[in-house]
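Heavy-atom basis, side chains included; hydrogens, waters and symmetry copies ignored. Throughout, protein chains are lettered first and strands after them, A, B, ... in sequence-line order, and every chain is numbered starting at 1.
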Protein chains: 2
Amino acid sequence: MAQTRAPRADAVRNRKKILDAAREQITLHGPDTGMDEIAAAAGVAVGTLYRHFPTKTDLVAAVVAEYITHVAEAAEGSRERLASGSRAVDEISDFLARVTEATATNHAVKAAARALGAEPVDRDAEARAAAALAALIQAGQADGDIHQDVTVDDIYLLFSTAPTDQPPAARARWLSLVLTGLTTHTRTAHEKPAS
Amino acid sequence: MAQTRAPRADAVRNRKKILDAAREQITLHGPDTGMDEIAAAAGVAVGTLYRHFPTKTDLVAAVVAEYITHVAEAAEGSRERLASGSRAVDEISDFLARVTEATATNHAVKAAARALGAEPVDRDAEARAAAALAALIQAGQADGDIHQDVTVDDIYLLFSTAPTDQPPAARARWLSLVLTGLTTHTRTAHEKPAS
DNA sequence: ATCCATCATGAACCCTGGTTCACGTTAATG
DNA sequence: CATTAACGTGAACCAGGGTTCATGATGGAT
């Protein structure tokens with residue numbers, strides 16, 4: 001019944017080369033990078049791209065999927081580190097920093113995805129990320145470091161808007177500003193009744 | 001010597017129709033809206049677009065320029081309202097809210113601008129906006145409501161990353177989170193020595 | 001060593017979308 | 001009212017880039 005042979009070795013190799021090249025080239029030369037360029041960067045002919053990915057949209061989608069998986073792993077890593085006694089706020093901070101970093105790499109990719117009508121990918125990875133994040137937030141709230149009203153959606157909202165085309169200094173500053181908004185010991189002063 | 005005739009009435013009318021249509025269509029159908037669509041929406045032939053704007057890039061640039069002018073006016077409006085005794089924090093909040101709103105409309109426009117290599121436009125309007133903002137921040141700091149380390153660049157950084165493709169509720173939440181980061185009575189708890 | 005299914009190649013195809021231009025219209029000037 | 005420069009029109013043009021396909025190469029099973 002299993003009529004499917006094992007995939008050829010070079011095919012696997014090429015698939016990986018293509019994905020890497022795609023990520024890199026799109027990151028480098030913007031969302032409008034041509035298939036030709038990607039193929040060239042991968043050391044492969046255009047036709048090979050199409051053997052692995054029926055359409056450019058599919059290729060970009062695959063790259064995005066990789067990215068989401070990466071985010072999920074980062075979140076789960078942070079969560080596990082909680083066991084080793086690190087503070088939740090620090091982990092959240094680290095997580096945001098790491099993801100912002102990664103997102104900076106993938107900004108153009110996401111733009112490309114949007115431009116092509118990115119589609120439902122890897123609900124599983126998304127779920128894992130959300131679960132890990134929820135755990136982190138709860139821990140932080142238990143510590144009294146994170147505002148009670150902060151949710152996973154908040155984190156998503158923030159890092160989906162993370163500045164990705166800014167220099168590192170700006171990104172760091174952004175992170176600092178945003179973290180201040182998540183942590184405790186403040187309610188916006190102007191909402192407070194005039195003491 | 002003034003050999004230049006007065007511009008024709010319909011020409012002026014059309015120019016406005018084109019700019020409006022461009023903003024609207026790009027907002028509606030994404031950054032990849034074609035010149036044809038814009039022309040149709042403006043009730044004008046393609047050639048007319050090119051009479052007014054030599055290239056698509058120029059057209060988009062013009063739309064962006066309008067937008068920046070709008071931002072500048074919003075900032076100056078807020079600043080003037082300070083005289084009437086309103087708190088600076090509130091004005092900053094209002095400003096961010098209004099700009100976020102406007103930016104939501106212009107998200108696609110900015111994307112289009114980027115994709116075409118948006119270019120230096122209206123340094124003047126930018127300068128006016130920056131000046132007004134600086135005044136607002138200073139006032140807020142004098143009130144003790146805004147962190148001392150907050151700068152105009154911070155505001156720019158934040159609202160340049162404002163979520164623009166999110167529903168209003170999400171945008172409001174974002175604003176709230178961000179404002180918490182700007183206002184006083186907090187330093188990120190996890191940076192504080194363990195009390 | 002042989003064979004074949006899988007895979008790679010890249011020139012050619014085609015369609016989308018920005019841009020042009022030769023020709024009709026129309027608003028301003030006198 | 002006549003004249004003309006400014007303006008509007010839209011079919012046609014052209015380049016860029018995604019996609020295809022006939023042909024050749026190669027890894028793996030026998």
When you get a sec, tell me which of C/dG18, D/dC7, D/dA11 is the closest nucleotide to the side chain of B/V46? D/dA11
Of A/A45 and B/G47, whose closest DNA chain C nucleotide lies nearer the 5' terminus? A/A45
May I ask you to evaluate whether B/T48 reaches the phosphate of D/dC7, defined as a side-chain N or O under 4.0 Å from OP1 or OP2? no
Provide, to the nearest angstrom, the distance between the CD1 atom belonging to A/I18 and the P atom belonging to D/dG18. 15 Å
Ranking B/D10 and B/D36 by the position along DNA chain C of their nearest nucleotide, the one closer to 5' is B/D36
Treating B/Q166 as the side-chain partner and B/R171 as the backbone partner, does any N or O pair qualify as donor plus acceptor under 3.5 Å? no
Distance in angstrom units between B/L49 CG and D/dG8 C1', rounded: 11 Å
Distance in angstrom units between A/K17 NZ and C/dC7 C1', rounded: 13 Å
Could you tell me whether A/R23 and A/D20 have a side-chain N and a carboxylate O separated by less than 4.0 Å? yes
Should the pair B/R123-B/E126 be classified as a salt bridge under the 4.0 Å nitrogen-to-oxygen rule? yes
To the nearest angstrom, how far is B/L59 atom CG from C/dG18 atom C1'? 12 Å
Whole-Å distance separating the CG atom of A/D32 from the P atom of C/dG17: 13 Å
Separation of atom CG in A/D58 from atom P in D/dG18, rounded to whole Å: 14 Å
What is the distance from CZ of A/R15 to P of C/dT6, rounded to the nearest Å? 17 Å
May I ask you to check whether B/S86 and B/E91 show a side-chain donor-acceptor distance below 3.5 Å? yes
In this structure, how many angstroms lie between the C1' atom of C/dT25 and the CG atom of B/N14, rounded? 13 Å
Under 4.0 Å between a side-chain nitrogen and a carboxylate oxygen: does that hold for B/R173 and A/D149? yes
Could you please name the option among C/dA8, C/dT26, C/dT19 that lies closest to any side-chain atom of B/R8? C/dT26
Want to settle it: does B/P7 or A/Y50 sit nearer the 5' end of DNA chain D, counting the closest nucleotide to each? B/P7
Where the side chain of A/M35 is concerned, which of C/dT9, C/dC7, D/dG18 is the nearest nucleotide? D/dG18
Can you tell which of D/dC7, C/dT19, C/dA8 lies closest to the side chain of A/R51? C/dA8
Have a look at B/G34 and say if it touches a base, only the backbone sugar-phosphate, or nothing, with a 4.0 Å heavy-atom cut-off. sugar-phosphate
Using only side-chain N and O atoms of A/H52, determine if any of them is under 4.0 Å from OP1 or OP2 of C/dC7. no
